[in-house]
2 protein chains.
Amino acid sequence: MASEVETALVERYFRHLGSVRTDVVLGIGDDAAVLRAPPGMDLAMTTDSLVEGVHFHPGAAARSLGHRALAVNLSDLAAMGATPGWALLSLSLPAIDDAWLGEFSTGFGLLARSFNVALVGGNLSRGPLNITVQLCGMVQSGTALRRSGARPGHELWVSGTLGDAAAGLQLGSDASGAAASAASATERAWLRARFEYPTPRLALGQALRGIASSCMDLSDGLLADAARLAQASGCGAILQVERLPVSSALRAHEPASSWQRALQGGEDYELCFTAPADQAARLQELAAGLALPLTPCGTLQAAAGLVLRSGSSVIQFSQSPFEHFIS
Amino acid sequence: MASEVETALVERYFRHLGSVRTDVVLGIGDDAAVLRAPPGMDLAMTTDSLVEGVHFHPGAAARSLGHRALAVNLSDLAAMGATPGWALLSLSLPAIDDAWLGEFSTGFGLLARSFNVALVGGNLSRGPLNITVQLCGMVQSGTALRRSGARPGHELWVSGTLGDAAAGLQLGSDASGAAASAASATERAWLRARFEYPTPRLALGQALRGIASSCMDLSDGLLADAARLAQASGCGAILQVERLPVSSALRAHEPASSWQRALQGGEDYELCFTAPADQAARLQELAAGLALPLTPCGTLQAAAGLVLRSGSSVIQFSQSPFEHFIS
C-alpha cells in the first residue's frame with residue numbers, strides 16, 4: 001500500500017484505538033514502538049492470525065473480526081495468567097473499504113479498551129484479507145501458568161460452557177439450521193454471539209496463578225486441547241462426558257448431540273486447567289466471585305492418552321477433531 | 001491448519017530456529033512465550049508483513065523471503081538504535097511445501113542467528129501466502145532514536161548506497177534488463193542480492209545513539225522517506241542530488257538514471273539520519289570503524305517540504321513515489 005495512503009488510514013482508524021497507557025513511551029508513527037517494561041515482571045508474547053476462508057467466512061461482520069482478532073490473543077495471555085498491555089496489528093486488505101475499516105476498528109477498539117490494551121504499532125498492506133495481531137502482556141516473574149505442570153490425580157477443570165461457539169458458527173452460515181432448531185431466537189442469537197464476540201477469561205487466568213498446576217485456552221475443542229495439555233505434562237487424562245458444562249441454549253438447539261459439540265466444537269476460548277483435588281473449594285469460591293462457572297470434568301492419570309467415560313463406561317469416539325478450515 | 005499438522009511443521013522447521021537466549025523463559029509450544037526483560041532497558045516493538053504479489057513476485061526464492069521477512073523488521077529496530085531479541089512469525093501458506101519451508105526457515109534462521117534473535121512463537125495457517133514477523137528488541141531507557149529530533153541546519157546522512165535493491169528487483173523479474181545492461185554478471189548478481197538479502201544496519205543504529213538527532217530506515221526510497229523524517233521533525237530538507245551515494249554496479253547498470261534510482265528506489269533498508277554539523281568527523285570515524293560508507297547528502301531547513309538541488313539549481317521532479325506493489 002502506498003505509504004501516504006497507509007499513513008492516512010492509520011491516522012483515521014487506528015492511531016487512537018485502545019487504551020492510553022503511561023508505559024507507552026512512543027506509540028504509532030515511528031519505525032518501532034518504545035515501551036517501558038515494569039520491573040519484576042516477565043513479558044508474555046503471542047500472535048494469532050485470522051485468515052478469510054479459514055478462520056471466518058467471506059462476508060463475516062467486520063466488527064466481529066476486529067473483536068475476535070484481539071480476543072484470540074487475549075485468550076492466550078489469559079491462559080498464561082498474564083495481564084495484557086500492548087498490541088501490534090498487521091492487516092492485509094484486498095481494497096480500502098471505509099465502512100469495513102470503521103466497523104473493524106470499532107470491534108477491536110472496544111475490546112482493547114475494556115482490557116486496557118494500547119495499540120502501539122502495525123502495518124497495512126494490500127492483499128488477501130489477513131488479520132494478524134501480536135500481543136504483549138506482563139506476569140510477575142516466575143508465576144506464568146504453563147501447559148506442563150499437571151500431575152496424575154489432579155482434576156481437570158474448564159471455565160464457562162463448551163460448544164456454544166461452534167454451534168453459533170454453523171448457525172451463522174446455515175439458515176436451515178435455525179429453522180430446524182428448537183432453540184428460541186434469543187438462544188440462537190446468544191450462540192452466535194459466543195462465536196462472534198468471545199470473552200477472553202483474563203481475570204480467571206490471573207487468579208489461577210498459585211492455584212492451577214497447568215492451564216491452556218480452548219481453541220480447537222476440549223477433546224484435542226485436553227489431550228495436548230495432558231501430553232505437555234507427560235500424563236494422560238480421563239474426561240467424564242456427563243460432567244461437561246453445556247449451556248441451556250446449546251441443549252435446546254442440539255438436544256441429541258450437545259455433548260459432542262462440547263467435546264469437539266472449537267473456538268470456545270474458555271480456559272482448561274488442572275489443580276490438585278484440595279483446591280476444589282477455592283476454585284468454587286473463585287467461580288462465585290467471577291460469576292463464571294468452573295467445572296471439574298476429568299482427572300489426570302499417569303497412562304498417556306485421552307479416555308472418554310460416561311458413568312463407568314468407556315466411550316469409543318473416532319470423529320476427526322475440529323479444524324480451522326471452514327470451506 | 002489442523003493443529004497436529006501445525007505442531008509437526010513447527011517442530012520440524014521452526015522450533016530450533018534462531019539463537020538460544022537465556023532471557024527466553026518459555027519459548028515455542030505454550031499459549032504464549034515468556035521473556036525476561038532486562039532492567040533499565042525499554043522495549044522496541046515492530047511488525048512488518050510480506051504479501052505475495054505486493055512485496056514479492058509469485059515464485060520468489062523462499063530463502064530470500066525468510067531473510068527479508070526478518071530483515072525488514074531488524075531494519076526498523078536498527079532505526080531506533082535498539083538491539084534485537086525475540087521474534088514471532090505468522091505464516092499463512094496455500095499448501096504445505098517441504099522444500100519451500102526448508103528454504104524459508106534456512107533464510108530466516110541464518111539471519112536470526114547472526115543477530116542473536118530467538119524465534120519464540122508464532123502460528124501457521126492455510127491461506128494466501130502472507131509472512132508477518134513481529135520483533136521485540138531492547139534499548140537503554142530514554143536513548144531510542146526517533147524520527148522527530150532533527151532541527152534546521154542539521155545535516156542529513158545516509159548509510160551504504162541507494163537504489164541498488166530497486167534495480168536488483170527489476171533485474172530479477174525482467175530478463176531483457178540484464179541483456180541491455182552494461183553491468184557485468186557479477187555486478188548484476190550483486191544488485192539482485194541487495195534486494196533479496198538486505199543487510200539491516202544494527203551496529204550503525206546502536207552507535208548513532210547520542211550522535212544522531214533523528215533516524216529512520218529507508219524502505220520507500222529516500223525522496224519519500226526523507227520528506228517523512230523532515231515532517232516528523234517539523235522541518236523541511238534540501239537534498240543535494242550529486243552527493244547521493246551510488247554504487248559502481250548501479251552506475252554501470254543504469255548510467256543515465258542511477259541518481260533517480262537512488263532517490264526513488266525502495267527496499268534499500270539503509271539508515272537515513274540527521275546530526276549537527278559538528279558531528280561530521282565522529283560520523284566519518286564511525287563509517288571507517290564499521291566499514292560502511294556514511295554520506296551527508298542534504299541539510300534540514302525550517303521551511304517545510306523537500307527541495308532537490310543539483311549544484312545550486314533546484315530540480316523539478318514529479319514522478320510518483322515508490323509503491324510496494326509489484327504487479
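Per chain, numbering begins at 1; letters A, B, ... match sequence-line order.
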Donor + acceptor pair across side chains of A:S233, A:S214 (<3.5 Å): no
Region of A:S49 in contact with chain B, defined by heavy-atom distances below 4.5 Å: both
More than 12 heavy atoms from other groups under 6.0 Å of CD on B:Q140: no
Closest approach of B:E52 to B:G59 (non-hydrogen atoms, all atoms of both residues): OE2-N, 4.2 Å
Residues forming a side chain to side chain donor-acceptor pair (under 3.5 Å) with A:D42, sequence neighbours excluded: A:S141, B:R36
Which atoms of B:A33 approach chain A - backbone, side chain, both or neither, heavy atom under 4.5 Å: both
Any donor-acceptor N or O pair under 3.5 Å, side chains B:T132, B:N130: yes
Top of A:D76, A:T46, A:T47 for chain B proximity - count of heavy-atom pairs under 4.5 angstrom: A:T47
Portion of B:C215 that has a non-hydrogen atom of chain A nearer than 4.5 angstrom: backbone
Proximal component of B:S92, with respect to chain A [non-hydrogen, under 4.5 Å]: side chain
Test side-chain contact (heavy atoms from CB on, under 4.5 Å) applied to B:P94 - qualifying residues, sequence neighbours left out: B:L129
Region of B:L35 that comes under 4.5 Å of a non-hydrogen atom in chain A: both
Best-contacting candidate, B:M216, B:R228, B:M45, against chain A by heavy atom pairs under 4.5 angstrom: B:M45
Contacting moiety of B:V51, where chain A heavy atoms sit under 4.5 Å: side chain
Top contributor to chain B interface from A:G40, A:S90, A:A79, A:G137 [non-hydrogen pairs under 4.5 Å]: A:S90
Among A:A44, A:A78, A:G142, residue most engaged with chain B (heavy-atom pairs, under 4.5 Å): A:A44
Parallel, tilted or perpendicular: rings of A:W157 and A:F273 (30°, 60°): parallel
